[in-house]
Amino acid sequence: MSHDPNCLFCKIVDRRIPAKLVHSDEMTIAFEDINPQAPTHILIIPNKHISDIQSMKEGDRELIGHLFFVARNLAGTRGLDKGGYRLVINNGRDAGQAIFHIHLHLLSGRAFAWPPG
Ligand code: AMP
Ligand code: ZN
């Protein structure tokens, strides 16, 4: 498992920083965003430290795909698929990425504007 000792989300993976976990498995964890932007705002992250999309390796295909299946399953069990939900990855500075450990935002419970800001 690849960990960055200075990475906030690696510390959450290691349970060294608390988070409201809503899912965990051998490849991923999911937890509530500390500053929610919608009634449901969950972050789904790989346990492995991957800083951004450009840093993904060919061997990460299954792992990255798994993030989307976790999102789909959480949305299904919570009934979020009825009204819909938005999945977001902010990649890099101009996109507003603040934490450089890949994370998929699962947002739901209100209508979202398009185009995004
Ligand atoms: P991004 O801007 O895409 O990098 O998103 C980072 C997200 O992490 C933001 O939505 C923050 O609110 C969230 N965040 C930062 N620190 C924590 C934390 N300790 N626990 C849960 N979410 C966090
Ligand atoms: Zn990390």
Side-chain angles (χ1 to χ4, degrees):
M1 188 67 62
S2 156
H3 275 75
D4 177 340
N6 299 314
C7 172
L8 178 69
F9 284 180
C10 283
K11 291 176 184 167
I12 291 177
V13 169
D14 288 343
R15 313 293 198 268
R16 287 192 284 135
I17 286 181
K20 291 184 182 169
L21 286 185
V22 297
H23 170 84
S24 70
D25 61 52
E26 66 283 357
M27 284 191 272
T28 62
I29 60 169
F31 51 93
E32 292 180 11
D33 196 291
I34 205 167
N35 182 23
Q37 300 301 312
T40 296
H41 189 171
I42 292 169
L43 302 176
I44 304 152
I45 74 170
N47 292 344
K48 174 185 175 185
H49 181 86
I50 305 171
S51 57
D52 60 13
I53 296 290
Q54 295 312 118
S55 304
M56 297 188 305
K57 304 280 193 285
E58 285 295 330
D60 296 324
R61 283 176 183 273
E62 185 184 353
L63 174 59
I64 297 301
H66 187 62
L67 299 180
F68 285 84
F69 274 86
V70 172
R72 176 260 230 171
N73 292 344
L74 285 169
T77 54
R78 290 162 179 250
L80 306 179
D81 50 327
K82 295 183 179 63
Y85 53 88
R86 182 169 285 181
L87 298 176
V88 174
I89 294 177
N90 298 317
N91 192 76
R93 184 196 58 207
D94 285 354
Q97 185 176 5
I99 310 252
F100 283 78
H101 179 134
I102 285 180
H103 47 283
L104 184 59
H105 295 256
L106 167 59
L107 297 144
S108 190
R110 67 173 174 86
F112 298 101
W114 193 264

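This chain uses plain numbering: 1 for the first residue, then up along the sequence. As a basis for the values below, the full set of heavy atoms in this structure was taken, side chains included, without hydrogen atoms, waters or symmetry mates. Counting convention: from 1, in listed order, for ligands and their atoms alike.
With sequence neighbours left out, Arg61 forms a side chain to side chain donor-acceptor pair (under 3.5 Å) with Glu58.
Ring-plane geometry between His49 and His101 is classed as perpendicular, the angle between the planes exceeding 60 degrees on a 0 to 90 degree scale with a lower cut at 30.
Using modelled atom types and a 3.5 Å distance limit, the side chains of Asn90 and His103 yield no donor-acceptor pair.
Leu106 places none of its side-chain heavy atoms less than 4.5 Å from the side chain of His41. Side chains of Thr40 and Tyr85 form no contact here, defined as non-hydrogen atoms less than 4.5 Å apart. Counting only heavy atoms from C-beta outward, the side chains of Arg78 and Val22 approach each other to under 4.5 Å. With contacts defined as side-chain heavy-atom distances shorter than 4.5 Å, the pair Lys48/His3 does not qualify.
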Below 3.5 Å only, please: the N or O atoms of ligand 1 paired with protein N or O atoms, distance on each line.
from, atom 1, to, atom 2, distance (Å)
ligand 1, 2 (O), Gly96, O, 2.8
ligand 1, 2 (O), Ala98, N, 3.4
ligand 1, 3 (O), Asn90, ND2, 2.9
ligand 1, 3 (O), His103, NE2, 2.9
ligand 1, 3 (O), His105, NE2, 2.9
ligand 1, 4 (O), Ala98, N, 2.7
ligand 1, 4 (O), Ile99, N, 3.0
ligand 1, 4 (O), His103, NE2, 2.9
ligand 1, 5 (O), His103, NE2, 3.0
ligand 1, 5 (O), His105, NE2, 3.4
ligand 1, 10 (O), Asp33, OD1, 3.3
ligand 1, 10 (O), Asp33, OD2, 2.5
ligand 1, 12 (O), Asp33, OD1, 2.5
ligand 1, 22 (N), Ile34, N, 3.2

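Metal site remark for the Zn ion (ligand 2): His49 contributes an N, O or S atom at a distance under 2.8 Å.
Take the N/O/S atoms of His101: the one nearest the Zn ion (ligand 2) is ND1.
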